[in-house]
Amino acid sequence: MRFDGKTALVTGGASPIGQAVARRLAAGGANLALADINSEALEAVGAAISPDALLSVGDLSDEAVANDFVQSAIKRFGQVDILVNNAGGGVIEWTPDHTATTIRQTIDRNLWTTIWTTRAALPSMVENDYGRIVNIGADSVRNGLFMHAIYNAAKGGVHAIASGLAREYARYDITVNVVAPCMVLTPQVIAAKKAGLPIVAEMEAVIPKGRSADPDEVASMVSYLCLDEARFVTGQVISVNGGSTMQ
Ligand SMILES: NC(=O)c1ccc[n+]([C@@H]2O[C@H](COP(=O)([O-])OP(=O)(O)OC[C@H]3O[C@@H](n4cnc5c(N)ncnc54)[C@H](O)[C@@H]3O)[C@@H](O)[C@H]2O)c1
């Protein structure tokens, strides 16, 4: 039970990757606090993974909602040890086809959720001289994938805040890293494949392994970075991408 006694917060807990991460952390003995804007899906994940999980519904791009999530977790479990900033999701579109609304949505979902939740969680980590923060970024930031410029503007910030924070908090046993997946085989991608949409094949064509990642392949790297023994890995962007960028 490698996360015994630890309290882990996962944002976007209702998503396929969030769920896979939560499952691994719970299997390792962590107390779980999951947040998402989608209440129905979050309840289903909570029921499937851990009846003791704290479930928090709200828009984490609102500072007050993010604070409330973190404070509820501290009230229930006493502290925050692990934070996985997984809330996000892109509006994947060619740049001229975006609207002001879809651009704001993309930045809100990915970057503002990360900024507010992290700021809320750090004081508890500093107090306990312990923290593992993992942001879910995107390999498209590195390979400039088509239709991803706006998404990359948001995820680029998610990558960048990790290096800055890693340095700011290096004097504590607090690490801050990014796991950057290529396309992941979520139900949405499976449905698009079944519908014969060419974008899936086009996006898989840039992956040398020739397929999308499984959510648990991403969760496996996240859970490693959340371990005590990963204490010397900080400020890194680690791709789980089937080779779609290398080095
Ligand atoms: N699926 C992929 O191919 C892929 C590739 C690279 C990165 N990612 C990233 O992985 C993460 C998980 O994605 P996924 O594919 O498992 O499913 P997803 O994109 O549906 O996950 C996003 C989750 O975040 C939640 N969310 C969005 N905005 C929120 C907000 N303002 N407040 C609270 N919750 C909010 C959504 O309800 C959803 O459950 C996301 O950050 C996504 O950008 C996914």
Side-chain angles (χ1 to χ4, degrees), residues 9-23 33-46 55-70 83-92 102 104-118 120 134-143 145 147-148 150-159 161-162 178-193 197 199-200 202-204 206-207 211-219 221-222 237-242 244-245:
L9 277 57
V10 182
T11 72
S15 71
I17 295 172
Q19 180 172 355
V21 168
R23 201 177 286 284
L34 309 177
D36 206 288
I37 201 166
N38 182 338
S39 61
E40 211 178 306
L42 186 65
E43 270 169 34
V45 168
L55 304 181
S56 176
V57 176
D59 181 351
L60 295 166
S61 69
D62 177 335
E63 183 182 11
V65 173
N67 281 340
D68 189 57
F69 167 48
V70 172
L83 169 62
V84 180
N85 285 307
N86 166 75
V91 181
I92 304 304
T102 59
R104 280 187 197 287
Q105 273 174 352
T106 307
I107 294 173
D108 279 350
R109 288 179 192 172
N110 291 279
L111 185 53
W112 282 112
T113 56
T114 299
I115 291 173
W116 293 136
T117 313
T118 305
V134 182
N135 295 347
I136 305 301
D139 197 52
S140 56
V141 172
R142 289 179 146 172
N143 69 8
L145 193 61
M147 293 175 93
H148 278 63
I150 298 299
Y151 180 64
N152 288 347
K155 284 298 195 194
V158 169
H159 288 204
I161 195 175
V178 177
V179 170
C182 62
M183 189 162 68
V184 178
L185 200 59
T186 60
Q188 216 181 355
V189 172
I190 293 167
K193 259 190 170 181
L197 298 185
I199 189 169
V200 178
E202 285 164 17
M203 282 174 60
E204 285 184 340
V206 303
I207 304 170
R211 64 169 176 85
S212 300
D214 184 90
D216 194 55
E217 289 169 334
V218 179
M221 177 56 75
V222 174
V237 177
I238 299 174
S239 291
V240 177
N241 66 5
S244 69
T245 55

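Atoms considered below: every heavy atom in the structure, side chains included; atoms not considered: hydrogens, waters and symmetry mates. One-based numbering, in listed order, for ligands and for the atoms of each.
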Between [X] and ligand 1, is there a nitrogen or oxygen pair with a distance under 3.5 Å?
X: T186; result: no
X: N38; result: no
X: A138; result: no
X: D59; result: yes
X: P181; result: no
X: A35; result: no
X: G89; result: yes
X: A14; result: no

Where does [X] meet ligand 1, judged by heavy-atom distances below 4.0 Å: at the side chain, the backbone, both, or neither?
X: T113; value: side chain
X: V218; value: neither
X: C182; value: backbone

Suppose I only count heavy atoms of [X] and a 4.0 Å limit; which atoms of ligand 1 are within that range?
X: I136; value: 9 (C), 10 (O), 11 (C)
X: A87; value: 24 (O), 34 (N), 35 (C), 41 (O)
X: G137; value: 6 (C), 7 (C)
X: M183; value: 3 (O)

Looking only at protein heavy atoms, which one is nearest to [atom], and how far off is it?
atom: atom 28 (N) of ligand 1; value: R109 CG, 3.4 Å
atom: atom 34 (N) of ligand 1; value: I37 N, 3.2 Å
atom: atom 3 (O) of ligand 1; value: V184 N, 2.8 Å
atom: atom 37 (O) of ligand 1; value: D36 OD1, 2.6 Å

Is [X] in contact with ligand 1, taking contact as a heavy-atom separation below 4.0 Å?
X: Y151; answer: yes
X: G58; answer: yes
X: K155; answer: yes
X: S212; answer: no

Exercise for review: Spell out, as yes or no, whether a donor-acceptor pair under 3.5 Å connects the side chain of N143 to the backbone of T245.
Suggested key: no
**Study point:** Donor-acceptor pair, side chain of S239 and main chain of D139, under 3.5 angstrom
**Key:** no
Review point. More than 12 heavy atoms of other residues, nucleotides or ligands under 6.0 Å from CD of Q188: is that the case?
Key: no
Exercise for review: Return yes when atom CE of M203 has more than 12 non-hydrogen atoms of other residues, nucleotides or ligands closer than 6.0 Å, and no otherwise.
Suggested key: yes
